[in-house]
Amino acid sequence: MTEQELRTSVYAFAQSCIGLNEYDGSYKKIIDAYNSYQTDVGGPTVTYASPWCAVFVSYVGIALGLTDIIFPTAYCPYMVTLYQNINRWEENDAYVPQMGDIIQYDWDDTGSGDNQGQPDHCGIVGVVNGNTFTVIEGNNGDSVKLMERTIDQKSIRGYCLPDYASMASEGLEWVAYYTNELGKMTEDAMKNNARIIWNYFGALGWSINAVAGMLGNMQVESNLNPGQTEASFDLGNPNAGYGLVQWTPRTKFSDWAGDGWDDPLRCGDLELSRIKYEYDSNLQFGQNPYFPSYTNTWQTFIHSTDSPATLADIWLVQYERPNLSGWEQTRALRMTYADKWYTYLTNLPAPQPIPKKSKSMPLWMMINPYARFY
């Protein structure tokens with residue numbers, strides 16, 4: 001999803017909430033969803049009597065899985081602080097907002113000088129048209145309402161700027177080198193490819209834990225380079241290991257993939273399709289005679305919420321299938337990498353369709369997890 005598509009999706013979801021209100025109790029779905037999230041991550045909840053403009057903004061982020069950039073909090077001043085802490089706060093009076101920005105108001109603003117007051121209301125910016133723009137605000141007259149505001153009007157305290165660009169996935173292309181040399185892949189290159197892999201398998205319903213476990217193994221096997229030939233073999237040797245998971249011999253993959261198996265522009269997508277084919281056909285992943293206690297199936301693995309480290313070990317034993325010596329050599333490293341990739345993936349948007357995602361306390365809450373938000 002592109003940055004603009006993310007911004008549009010936030011505004012569209014906020015639009016769908018217009019009309020929810022206290023009078024008929026329909027606004028309670030907002031409070032309930034917010035409290036459910038906070039309960040899951042160990043944060044403070046609110047009551048139906050609490051002010052809920054910031055809760056509404058938070059609800060939109062929660063509903064769309066964007067809590068890494070739309071920080072859930074029920075307190076406008078604390079929301080501002082969170083964005084100030086990451087340099088995503090804008091209070092230049094001439095700033096022209098974008099769809100999806102979070103506007104903050106200070107109703108005590110006199111319009112004279114630089115307002116440094118405490119914000120007491122907020123909303124989500126919508127359509128910008130010249131000098132005016134729409135805003136969807138919760139708890140405006142006890143309802144979710146569509147309002148029209150003017151650039152630099154009195155009472156605008158500033159804007160929180162969710163980093164939609166960091167969550168966008170447009171333009172992702174594989175970083176791949178057809179090589180038997182190691183060390184080609186930088187950390188950023190591996191992250192790029194990990195994101196592609198997560199987008200693909202997450203959309204198929206794999207758990208984030210399972211993908212992280214697989215990525216921990218891929219880093220050891222190939223440094224996430226889909227064009228990697230086993231280092232001790234010449235390029236093109238059909239007996240060499242090859243690709244993200246080092247299919248051995250290489251012909252196990254190349255004969256199946258056909259033309260393009262060694263093309264850096266195509267091999268990555270072909271390799272993901274091969275893993276999906278193995279899953280669909282119940283191939284490769286299975287019992288390892290050296291480890292009879294490992295009895296997982298493809299189905300139990302891809303949906304598992306066991307720790308990423310545990311799943312890295314399971315992938316090693318039941319997919320890579322080493323003997324005891326091979327298992328001991330790299331097991332700990334694969335598990336460490338899996339935990340690293342899990343941390344990275346949890347800061348990315350969930351692929352569509354969104355699989356059920358394990359919840360953990362986000363970094364912004366770790367700063368002050370017990371702050372009173374209302």
Side-chain angles (χ1 to χ4, degrees), residues 1-37 46 48 50-76 79-80 83 88 90 95-105 107 119-151 153 155-170 349-354 357:
M1 191 177 291
T2 68
E3 176 182 351
Q4 190 54 50
E5 286 171 340
L6 279 173
R7 290 179 177 275
T8 301
S9 70
V10 166
Y11 184 61
F13 184 84
Q15 277 185 307
S16 73
C17 299
I18 292 173
L20 298 178
N21 65 84
E22 294 185 18
Y23 306 107
D24 63 11
S26 55
Y27 83 112
K28 290 182 178 180
K29 66 186 291 185
I30 297 171
I31 310 301
D32 292 343
Y34 177 85
N35 285 342
S36 176
Y37 175 87
V46 298
Y48 291 135
S50 301
W52 52 280
C53 61
V55 174
F56 168 68
V57 172
S58 301
Y59 167 65
V60 173
I62 291 167
L64 296 177
L66 296 174
T67 54
D68 291 314
I69 60 171
I70 300 177
F71 307 136
T73 172
Y75 188 42
C76 292
M79 183 183 293
V80 170
Y83 284 93
R88 301 293 299 178
E90 178 60 72
Y95 175 73
V96 178
Q98 298 184 66
M99 181 177 290
D101 287 352
I102 302 169
I103 188 171
Q104 296 280 350
Y105 303 97
W107 300 133
D120 39 32
H121 188 62
C122 63
I124 296 174
V125 173
V127 179
V128 180
N129 185 12
N131 199 44
T132 64
F133 57 95
T134 60
V135 182
I136 299 177
E137 301 169 11
N139 200 27
N140 185 321
D142 300 327
S143 301
V144 179
K145 289 184 178 179
L146 178 67
M147 307 298 295
E148 185 172 281
R149 306 298 185 186
T150 304
I151 303 295
Q153 77 173 51
S155 76
I156 295 179
R157 179 65 181 84
Y159 300 88
C160 300
L161 308 178
D163 191 2
Y164 293 104
S166 70
M167 306 293 278
S169 58
E170 74 269 27
Q352 299 294 327
I354 300 175
K357 183 178 175 183

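In this chain, numbering begins with 1 at the start of the sequence shown.
The distance from the CD1 atom of Ile18 to the CD atom of Gln15 is 5.5 Å, given to the nearest 0.5 Å. Between Ile103 atom CD1 and Met147 atom CE the span is 11.0 Å, to the nearest 0.5 Å. Atom CE of Met79 sits about 4.5 Å away from atom OG of Ser58, to the nearest 0.5 Å. Atom-to-atom distance recorded for Gln104:CD and Ser155:OG is 11.5 Å, nearest 0.5 angstrom.
Around CG of Asn129, the count of heavy atoms belonging to other residues, nucleotides or ligands within 6.0 Å does not exceed 12.
Across Cys76 and Pro119, no two heavy atoms sit closer than the pair CB-O, 3.8 Å. Taking each heavy atom of Val46 and Ala74 in turn, the nearest pair found is CG1-CB, 3.6 Å. Smallest separation of non-hydrogen atoms from Glu22 and Asn139: OE2-OD1, 3.5 Å. Shown here for Ile156 and Thr150, the closest heavy-atom pair between the two residues is CD1-O, 3.5 Å. Residues Cys122 and Ile102 come closest through the heavy atom pair CB-CG2, 4.3 Å. Shown here for His121 and Gly138, the closest heavy-atom pair between the two residues is CE1-O, 3.3 Å.
Taking 4.5 Å as the limit, every side-chain heavy atom of Pro97 sits out of range of all side-chain heavy atoms of Leu161. The shortest distance between side-chain heavy atoms of Ile30 and Val144 falls below 4.5 Å.
Side chain of Tyr34 to backbone of Trp52: no donor-acceptor contact under 3.5 angstrom is found. Although no hydrogens or angles enter the test, the distance criterion places a donor-acceptor pair under 3.5 Å between the side chain of Thr134 and the main chain of Val127. Side-chain N or O atoms of Ser26 include one that pairs as donor or acceptor with a backbone N or O of Asn21 at under 3.5 Å. Under a 3.5 Å cut-off, the side chain of Asp120 and the backbone N or O of Trp107 do form a donor-acceptor pair. Between the Thr73 side chain and the Tyr75 main chain, a donor and an acceptor come within less than 3.5 Å of each other. Judged purely by atom type and a 3.5 angstrom limit, Ser36 has no side-chain atom pairing as donor or acceptor with the backbone of Ala33. A donor-acceptor contact shorter than 3.5 Å is absent between the side chain of Arg88 and the backbone of Tyr83. Using a distance-only test at 3.5 Å, with no hydrogens or angles considered, no donor-acceptor pair links the side chain of Tyr37 to the main chain of Pro72.
Using cut-offs of 30° and 60° for the angle between ring planes, the Phe56 and Tyr59 rings count as tilted. Note on ring orientation: taking the six-membered ring where Trp is involved, the planes of Tyr27 and Tyr48 are perpendicular (angle over 60°, cut-offs 30° and 60°).
The side chain to side chain contact (heavy atoms under 4.5 Å, CB included) test applied to Gln98 returns Arg7, Tyr95, Asp101, not counting sequence neighbours.
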Notebook entry, point to check: Stepwise, does the side chain to side chain contact (heavy atoms under 4.5 Å, CB included) test hold for Cys17 with Ile136?
Noted result: CA-CA 9 Å; Cys17 299; Ile136 299 177; 5.9 Å; no
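When each of Asp68, Ile69, Val10, Leu66 is checked for a side chain to side chain contact (heavy atoms under 4.5 Å, CB included) with Pro162, only Ile69 meets the rule.
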